[in-house]
Amino acid sequence: MEKKINRIKEGLTTAEHLFVGIFAFVAIAAAVIMLMYVPTARSFVNGYAENTVRTGTEGSAAICEEYFRRNMAVLRLSAAGLDGVDLTDPRTVMAICTRISDSSDFRHVGFTTPDGITVSSFGGTMNTSTRVFIREGLAGEKSMYSHTNCDFDGQIMDVYSYPVKNKKGEIMGVLTGDKRPLQLSSLGLMDIAGSRNYGLIVDNDGKVLYAMDNNEAGLHEGNSIYDIISADSPSGKEINYVLNSVTDTTIKEINLKGVDYLTAFTPMKDGLWTFVTIIPQNTVTGAFSMLTIFSVSVVGAMTLLLIVSSLMMAIRIHRISEEIGEAVESSLRQMYVDPLTGHDAVAKFRENYAAVMKDTATGHAMISLDVDRFKAVNDMLGFEGGNDIIRQISDIIKRNIGANDFFCRSTGDQFYILAHFSENDELVSLAERIINDVDYITGDIKLSLSIGIYKIDDPQIKSRVAADRADMARESIKGRKESRYVFFDSSMLRKIRREKRIEDIMEDALALGEFIVYLQPKFGLGEENTVVGAEALVRWMHEGKLIPPGEFIPLFEKNGFVNKIDYYIFEEVCKLQKKYITLGYVPKVISVNMSRTHIHHPGFVSELAAICAKYEVPTKYFEIEITESAAYEDMDILCDIFREIKDVGFHVSIDDFGTGYSSLNMLKDLPVDVLKIDRSFLTENADEHESASIIIGCVVSLAAALEISTICEGIETKEQAMLLTKLGCNMAQGFFFARPMPVADYEKLTYGI
Ligand code: C2E
Ligand code: MG
Ligand code: MG
């Protein structure tokens with residue numbers, strides 16, 4: 001057993017470790033996933049931010065370029081239209097310039113001749129040969145300058161210039177136009193993180209040419225980008241490099257006064273200018289950072305929860321596994337040790353049995369031992385008193401068995417012994433010694449034992465089978481009033497097989513009407529013995545043979561089929577009574593035996609009453625016989641049933657009175673009409689004759705006092721009939737008067753039909 005317990009405990013510990021291992025693994029995996037998630041999420045967010053800023057910056061730069069290109073295109077197309085025009089005439093030129101300025105967004109448009117004299121739609125002429133955009137134009141280059149002084153009125157303007165060429169490609173002059181400086185906010189720049197306020201256009205020196213109002217960097221037109229980043233700092237140097245040398249969009253992270261900025265630089269105007277976006281890092285990553293923080297918090301909280309719950313689970317599993325371990329240990333111990341007697345229990349007995357059968361194959365006997373009518377013992381001594389008897393019997397068995405023998409209590413009052421023997425006498429002596437010692441258990445009650453002995457003839461036989469055979473032997477003698485032992489023999493096996501056969505055919509037999517009613521008349525005892533009624537007794541007519549009830553009723557009581565038989569016989573009797581009524585007779589009461597098993601079936605009485613109602617036969621023509629042994633059941637239930645039987649109008653009798661342990665006392669509680677004194681009182685033994693007649697006399701007079709009629713069963717002789725008449729018994733039933741007979745004989749005897 002210890003080995004088994006240890007095995008189970010080891011198994012539990014392994015399972016526990018496995019559980020904890022799985023939980024720990026899940027918790028660690030969650031933690032690792034979370035740790036990996038943070039940098040991944042961060043780099044994703046950063047990548048996303050960079051992309052957003054890059055796209056926004058490139059888009060905005062493209063919009064600006066398009067703006068400049070469109071302005072320049074006005075001059076280009078106008079210049080192309082001047083071929084063949086006399087540009088030496090100032091008035092003509094003035095008119096052309098005015099027309100161009102009127103039809104475009106330029107404030108003024110001017111034309112400069114190769115000698116540097118400009119005629120403007122502003123009105124007037126000026127020498128502008130020193131202006132760089134004029135020089136570039138005369139050199140054949142188009143150009144655009146921001147924030148330039150107008151020669152005519154001194155206003156700060158953006159100036160565009162475009163060379164005018166004739167068909168031969170010779171420079172005829174320069175067309176110039178000026179516009180109010182570009183307002184970035186008017187261009188509808190790209191939106192970055194919900195705002196357009198991040199854009200600047202700077203030249204290669206970092207000078208801010210155009211700036212969105214309220215831009216995050218706080219730079220205005222005319223500022224330098226190096227106002228916020230020192231030109232000597234690493235970031236300043238890097239930016240200088242980017243502004244002058246890099247041709248693609250460049251992303252930089254810079255820190256200004258503790259704030260991280262994400263900057264993007266997109267070259268414009270052939271690399272002369274750069275569109276710059278300066279945006280606080282968290283403006284663009286903020287929402288994503290929030291998401292990251294949120295998801296990290298959720299995952300973190302869940303991981304923590306998982307770890308805590310894993311821990312709690314581990315503790316709980318540990319406790320449960322300890323509890324299971326203890327429960328298993330205690331139930332195993334219970335399986336091995338009988339808590340009532342402290343001796344071996346069935347499991348231990350089986351283990352010992354298997355070990356013994358492996359070692360020595362012959363010379364063993366299985367003994368089944370049981371206390372007769374232990375229910376009565378319990379009723380009389382109380383539950384504790386009954387337990388005490390069981391403990392005493394256990395000790396007696398222990399005292400009497402050999403050193404190598406062993407035993408157990410299986411259930412209630414039943415014991416099994418495995419005894420070693422070489423001669424039968426040793427087993428007989430063991431049984432007798434036990435019976436003898438049990439006789440000496442003092443108390444108010446005489447105990448009797450039934451002992452069945454099976455000599456194990458085949459070592460392969462399992463303990464269950466050996467026990468069944470010993471039981472079979474024991475049951476064959478159960479119900480006697482004194483202790484007995486008996487050896488198993490193969491006729492018992494045959495009996496079991498026979499019972500099996502009966503069970504196979506009983507249903508069909510009932511359907512085929514093989515069960516028939518015999519009636520044994522009852523006689524009134526007095527001066528004239530007349531038929532006062534009859535008892536219905538079942539017979540089984542099978543294959544031409546009449547089988548008496550003793551051969552099948554006990555089996556039917558075991559398997560429950562008796563209930564069907566009883567209803568069937570009752571209905572047959574009902575039909576008979578109906579017939580007598582129809583023929584004009586007053587039917588004599590017929591008693592019908594009802595097994596005690598009915599007591600536990602609710603509706604049993606109403607079922608019988610319903611059968612009477614079906615045939616329209618009054619219930620008063622029936623007597624219900626219930627054996628005295630029914631009193632072993634719950635007396636309260638029995639009383640209720642008797643009361644019910646009487647209430648619907650049946651008579652009720654206690655059958656076989658005197659065979660059990662029930663006391664005369666119960667008669668005052670049970671509402672009974674008739675007491676059927678068992679034939680065992682009518683002993684042949686002369687010595688006992690006198691005491692038997694005293695007892696019958698007492699029973700008869702007690703019953704008379706309680707207004708209960710008496711009938712004595714099994715009257716076989718005239719002397720018995722006379723004695724009972726003398727003792728005042730009301731009725732008699734027995735072979736002396738009439739044997740159980742077929743219905744036809746009973747009808748002839750009783751009604752003369
Ligand atoms: P029981 O109810 O005590 O029936 C009386 C038994 O005593 C009958 O045995 C009857 O033939 C027998 N008997 C009558 N007079 C004498 C006599 O002078 N001497 C001797 N030696 N015996 C006599 P039977 O018919 O063999 O029935 C045996 C038992 O089977 C009945 O005992 C009853 O308990 C049971 N039984 C019979 N029919 C039914 C039934 O339909 N339902 C139930 N549940 N049990 C039945
Ligand atoms: Mg009877
Ligand atoms: Mg009887």
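Ligands are counted one by one from 1 in listed order, and the atoms in each one are counted from 1 as well. Hydrogens, waters and symmetry mates play no part in the numbers below; they use all other heavy atoms, side chains included. Keep in mind the model is a prediction, meaning the values are calculated, not measured. One-based numbering along the sequence shown.
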Enquirer: So does Arg596 pair up with Glu557, basic N to acidic O under 4.0 Å?
Expert: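 Looking at Arg596 and Glu557, the cut-off is not met.
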Enquirer: Which is closest to atom 33 (C) of ligand 1 by heavy-atom distance: Thr717, Leu682, Asn593, Asn563?
Expert: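 Ranked by closest heavy atom to atom 33 (C) of ligand 1, first place is Asn593.
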Enquirer: Which heavy atom of the protein is the closest neighbour of atom 39 (C) of ligand 1, given with residue, atom name and distance?
Expert: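 Result for atom 39 (C) of ligand 1: Val538 CG1, 3.6 Å.
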Enquirer: At what distance is the nearest protein heavy atom to atom 22 (N) of ligand 1, and which residue and atom is it?
Expert: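 Scanning the protein heavy atoms, the shortest distance from atom 22 (N) of ligand 1 goes to Arg679 NH1, 3.3 Å.
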Enquirer: Going by an N to O cut-off under 4.0 Å, is there a salt bridge joining Lys522 and Glu623?
Expert: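 A salt bridge links Lys522 with Glu623.
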Enquirer: Measuring from the Mg ion (ligand 2), name the closest N, O or S atom belonging to Glu535.
Expert: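 The Mg ion (ligand 2) is closest to the Glu535 atom OE2, counting only N, O or S.
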Enquirer: Are the charged groups of Asp344 and Arg409 less than 4.0 angstrom apart, N to O?
Expert: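 Result for this pair is no, no salt bridge flagged.
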Enquirer: Is any NZ, NE, NH1 or NH2 atom of the basic residue among Lys726 and Glu719 found under 4.0 Å from an Asp or Glu carboxylate oxygen of the other?
Expert: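 Not counted as a salt bridge, because no side-chain N and carboxylate O are separated by less than 4.0 Å.
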Enquirer: Using a strict cut-off of less than 4.0 Å between a Lys/Arg side-chain nitrogen and an Asp/Glu carboxylate oxygen, indicate whether Asp468 and Arg464 qualify as a salt bridge.
Expert: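 Yes, Asp468 and Arg464 are salt-bridged.
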Enquirer: Identify whether the distance between the nearest side-chain nitrogen and carboxylate oxygen of Glu571 and Lys575 falls below 4.0 Å.
Expert: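 Result for this pair is no, no salt bridge flagged.
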Enquirer: Mind checking whether Phe407 and Phe415 have parallel, tilted or perpendicular rings, split at 30° and 60°?
Expert: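 Phe407 vs Phe415 ring planes: tilted.
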Enquirer: Using a strict cut-off of 4.0 Å, indicate which atoms of ligand 1 neighbour a heavy atom of Glu716.
Expert: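 Taking each heavy atom of Glu716 in turn, ligand 1 has 17 (C), 18 (O), 19 (N), 20 (C), 21 (N) under 4.0 Å.
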Enquirer: Before accepting this row, confirm whether a basic side-chain N of the pair Arg433/Asp437 lies closer than 4.0 Å to the acidic partner's carboxylate O.
Expert: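 Here Arg433 does not pair with Asp437 in a salt bridge, since their nearest N and O are not under 4.0 Å apart.
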Enquirer: Is the closest heavy-atom distance from Gly714 to ligand 1 below 4.0 Å?
Expert: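 Judged by the 4.0 Å heavy-atom criterion, Gly714 does count as contacting ligand 1.
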Enquirer: Looking only at protein heavy atoms, which one is nearest to atom 31 (C) of ligand 1, and how far off is it?
Expert: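 Protein heavy atom at minimum distance: Leu537 CD2, 4.2 Å.
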Enquirer: Can you list the atoms of ligand 1 that are under 4.0 Å from a heavy atom of Asp566?
Expert: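 The list of qualifying atoms is 40 (C), 41 (O), 42 (N), 43 (C), 44 (N).
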Enquirer: Look at Glu713 and state whether any of its N, O or S atoms is less than 2.8 Å from the Mg ion (ligand 2).
Expert: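 Under 2.8 Å: Glu713 has no N, O or S contact with the Mg ion (ligand 2).
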Enquirer: Using heavy atoms and a threshold below 4.0 Å, how should the contact between Ile715 and ligand 1 be classified: side chain, backbone, both, or neither?
Expert: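 Ile715 to ligand 1: backbone contact only, side chain stays beyond 4.0 Å.
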Enquirer: Quick one: do Asp656 and Arg679 make a salt bridge, cutoff under 4.0 Å?
Expert: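 No, this pair does not count.
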Enquirer: Do any heavy atoms of Pro740 fall under 4.0 Å from ligand 1?
Expert: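 Yes, Pro740 has a heavy atom closer than 4.0 Å to ligand 1.
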Enquirer: Of all N, O or S atoms in Asp656, which has the smallest distance to the Mg ion (ligand 3)?
Expert: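 Answer by atom name: OD1.
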Enquirer: Within the structure, does Ile553 bring an N/O atom to less than 3.5 angstrom of an N/O atom in ligand 1?
Expert: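 Such a contact does not occur with ligand 1.
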Enquirer: Taking only Lys NZ, Arg NE, NH1 and NH2, and the carboxylate oxygens of Asp or Glu, determine whether Asp745 and Lys748 approach each other closer than 4.0 Å.
Expert: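 Answer for the salt bridge query: no.
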Enquirer: Look at the N, O or S atoms of Ser591, main chain and side chain alike, and state whether any lies under 2.8 Å from the Mg ion (ligand 2).
Expert: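 Under 2.8 Å: Ser591 has no N, O or S contact with the Mg ion (ligand 2).
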Enquirer: Determine the interplanar angle of the Tyr567 and Phe604 rings, folded into 0 to 90°, and report it as parallel if under 30°, tilted if 30 to 60°, perpendicular if over 60°.
Expert: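 Ring orientation, 0 to 90° scale: tilted.
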Enquirer: When you measure from the heavy atoms of Asp656 to every atom of ligand 1, does any distance fall below 4.0 Å?
Expert: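 Checking ligand 1 against Asp656, which is what was asked, there is a heavy-atom contact under 4.0 Å.
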Enquirer: I need the contact type for Arg739 against ligand 1. Using non-hydrogen atoms and a strict under-4.0 Å cut-off, is it side chain, backbone, both or neither?
Expert: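 Neither part.
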Enquirer: Could you identify the single nearest non-hydrogen protein atom to atom 32 (O) of ligand 1 and state the distance to 0.1 Å?
Expert: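 Answer, as residue, atom name and distance: Asp655 OD2, 4.7 Å.
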Enquirer: Considering only protein heavy atoms, determine whether one is less than 4.0 Å from atom 19 (N) of ligand 1.
Expert: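 True for atom 19 (N) of ligand 1.
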Enquirer: Restricting to N/O/S, name the atom of Asp655 that gets closest to the Mg ion (ligand 3).
Expert: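 In Asp655, the N, O or S atom with the shortest distance to the Mg ion (ligand 3) is OD1.
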Enquirer: Looking at ligand 1, does Lys676 have a heavy atom less than 4.0 Å from it?
Expert: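 For ligand 1, residue contact (heavy atoms, under 4.0 Å) with Lys676 is absent.
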Enquirer: Identify whether the distance between the nearest side-chain nitrogen and carboxylate oxygen of Glu713 and Lys676 falls below 4.0 Å.
Expert: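 Yes.
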Enquirer: Give a yes or no on whether a salt bridge exists between Asp395 and Arg391, defined as a side-chain N under 4.0 angstrom from a carboxylate O.
Expert: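 No, no charged N to carboxylate O under 4.0 Å.
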Enquirer: Using a 4.0 Å cutoff against the non-hydrogen atoms of Gln520, which atoms of ligand 1 qualify?
Expert: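 Those qualifying, in numeric order: 10 (C), 14 (C), 15 (N).
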Enquirer: What residue and atom, counting heavy atoms only, is the protein's closest point to atom 29 (C) of ligand 1, and at what distance?
Expert: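 Heavy-atom neighbour on the protein nearest atom 29 (C) of ligand 1: Pro549 CG, 4.4 Å.
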Enquirer: To which protein heavy atom is atom 13 (N) of ligand 1 closest, and what is the distance rounded to 0.1 Å?
Expert: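 Nearest protein contact, heavy atoms only, for atom 13 (N) of ligand 1 is Phe735 CE2, 3.8 Å.
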Enquirer: Does ligand 1 have a heavy atom under 4.0 Å from the side chain of Arg596, from its backbone, from both, or from neither?
Expert: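 It is neither; nothing of Arg596 touches ligand 1.
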Enquirer: Please find the N/O/S atom of Glu625 nearest to the Mg ion (ligand 2) and write down its name.
Expert: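 Per the distance ranking, Glu625 contributes OE1 as its closest N/O/S atom to the Mg ion (ligand 2).
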Enquirer: Is a side-chain donor or acceptor of Asp338 paired with a backbone partner of His343 at a separation under 3.5 angstrom?
Expert: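 No; judged by distance alone, with no hydrogens or angles, the pair does not exist.
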Enquirer: Looking only at side chains, do Ser368 and Asp471 share a donor and an acceptor under 3.5 Å apart?
Expert: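 Indeed, the side chains of Ser368 and Asp471 share at least one donor-acceptor pair under 3.5 Å.
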Enquirer: Ligand 1 versus Glu535, non-hydrogen atoms closer than 4.0 Å: side chain, backbone, both, neither?
Expert: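 Side chain only.
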Enquirer: Find out whether the Lys NZ or Arg CZ of Arg350 is both under 6.0 angstrom from the six-membered ring centre of Tyr353 and within 45° of the ring's axis.
Expert: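 No cation-pi geometry.
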Enquirer: Tell me the protein heavy atom at minimum distance from atom 5 (C) of ligand 1, and give that distance in Å.
Expert: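 So the nearest neighbour among protein heavy atoms is Glu713 OE2, 3.7 Å.
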